[in-house]
Amino acid sequence: RRQIARAFSLLELLVSMTILSLLVVLLLGMVDAATRLWRDSESRVDSYREARAALNVIADDLGGFLPSTNTNFFVIDLPSGLPGTTAPKSVANSLFFLSAQAKDAQDPEAGKSDLCQVGYFLAYDKTTASASQPTYNLYRYFRSSDPTFDAIRKNQFFENMTSSPGSGEEILARHVTAFKVDAFTLDRETGDVSEFNASDLTPAPDILEITVTAVNKDAATRFRSRADWTNTSSPIFQQTARTFSTRVNLPPSPTPTPTPSPTPGSTP
């Protein structure tokens, strides 16, 4: 006798489709969660990677630092000439100095020497003209040897800078909430380190400690005002802010030649 093959009943098909749909929904949820986690991680890594890379660039520039008795060659907290959106000193310092740079690191037409003007400052600005809101960004000021020689002749350095998108200084790191420069003097006989105070005898420090604090891109979009960027007690800041630092030893400045005092009774 021929056997009749049994087919799935409608109820069995509905149950199977329901179970399959639940499995697909759960799988899509897991994929979406993993994708969001990956995006968040990439956003954090990108911002923090820029902060670490900025420290490497600064350390490289300071490697060519020009030791000099001219106090205008090295400036922490430039008193004027910075963009109007520059962060206050309570949030960030500015740093400017003369540095020896390879020819391929300069403008193609600059060829007088390797001596260049380099600087760093933090400004509240948009990274591009189409950006929806400004953020704090770390900028690198750079002038090749040609304009540097003109500045030396005039004894006027670190001028005409801007953080305007497309026409200003180079953005070194985005979403930076603080840029601090601590300078120290080293007693080479005792090895003691003390806070640096500029003078004719010590026009530049022996050691610089550079500190950069940054938040990730997601946190930056949640900061709605300039005050949010300096509110270190906010939950967003405390959860996302990361601090990176490096210490750089500078070559010693030449000892200034003292002016001889006139001998008593001699004609000046």
Enquirer: With under 30° as parallel and over 60° as perpendicular, where do the rings of Trp229 and His175 fit, or are they tilted in between?
Expert: parallel
Enquirer: Mind checking ring-ring contact (aromatic ring centres under 6.0 Å, His included) for Phe142 and listing every partner two or more places apart, or none if nothing turns up?
Expert: none
Enquirer: Excluding sequence neighbours, so at least two apart, what forms side chain to side chain contact (heavy atoms under 4.5 Å, CB included) with Ser132?
Expert: none
Enquirer: Within a radius of less than 6.0 Å around CD of Glu195, do more than 12 heavy atoms belonging to other residues, nucleotides or ligands occur?
Expert: no
Enquirer: Could you pull out all residues at least two apart from Leu66 that satisfy side chain to side chain contact (heavy atoms under 4.5 Å, CB included)?
Expert: Phe73, Leu98, Leu115
Enquirer: For Ser163, give me all partners under side-chain hydrogen bond (donor to acceptor under 3.5 Å, both in side chains), at least two apart in sequence or on another chain.
Expert: Asp125
Enquirer: Taking atom types as modelled and ignoring hydrogens, do the side chains of Thr190 and Asp192 form a donor-acceptor contact shorter than 3.5 angstrom?
Expert: yes
Enquirer: Please tabulate, for side-chain N and O atoms in residues 17-26, each donor-acceptor pair with protein atoms closer than 3.5 Å (sequence neighbours left out).
Expert:
{"unit_1": "Thr18", "atom_1": "OG1", "unit_2": "Leu14", "atom_2": "O", "d": "2.7"}
{"unit_1": "Ser21", "atom_1": "OG", "unit_2": "Met17", "atom_2": "O", "d": "2.8"}

Enquirer: Which salt bridge (charged side-chain N to carboxylate O under 4.0 Å, His left out) pairs, counting each pair once, include a residue from residues 133-142, with sequence neighbours left out?
Expert: Asp61-Arg140, Arg140-Glu170
Enquirer: How are the rings of Phe74 and Phe65 set to each other: parallel, tilted or perpendicular (split at 30° and 60°)?
Expert: perpendicular
Enquirer: Under 3.5 Å, which donor-acceptor pairs link side chains of residues 176-186 to any protein atom two or more places apart or in another chain?
Expert:
{"unit_1": "Thr177", "atom_1": "OG1", "unit_2": "Thr213", "atom_2": "O", "d": "3.3"}
{"unit_1": "Lys180", "atom_1": "NZ", "unit_2": "Lys89", "atom_2": "O", "d": "3.2"}

Enquirer: Are Leu122 and Ile76 grouped together when hydrophobic residues (ILVMFWY) are joined by side-chain heavy atoms under 4.5 angstrom apart?
Expert: yes
Enquirer: For Ser199, enumerate each residue passing the side-chain hydrogen bond (donor to acceptor under 3.5 Å, both in side chains) test, keeping only those at least two apart in sequence or located in another chain.
Expert: Thr202
Enquirer: How close do Val215 and Ala220 get, counting heavy atoms only, and between which atoms?
Expert: CG2-N, 4.3 Å
Enquirer: Locate the shortest heavy-atom distance separating Tyr139 from Lys126; write the atom from each residue and the value.
Expert: OH-O, 4.1 Å
Enquirer: Under the side chain to side chain contact (heavy atoms under 4.5 Å, CB included) test, which residues partner Ser164, sequence neighbours left out?
Expert: Thr162, Ser167
Enquirer: Could you tell me which residues satisfy ring-ring contact (aromatic ring centres under 6.0 Å, His included) with Phe237, sequence neighbours excluded, listed by chain and number?
Expert: none
Enquirer: Among residues at least two apart in sequence or on other chains, which ones pass side chain to side chain contact (heavy atoms under 4.5 Å, CB included) with Ala54?
Expert: Leu138, Leu172, Ala173
Enquirer: Please name the pair of heavy atoms, one in Thr86 and one in Leu82, separated by the smallest distance, quoted to 0.1 Å.
Expert: OG1-CB, 3.4 Å
Enquirer: For the ring pair Tyr141 and Phe121, is the centre-to-centre distance below 6.0 Å?
Expert: no
Enquirer: According to side-chain hydrogen bond (donor to acceptor under 3.5 Å, both in side chains), who are the partners of Asn160, at least two apart in sequence or on a separate chain?
Expert: none
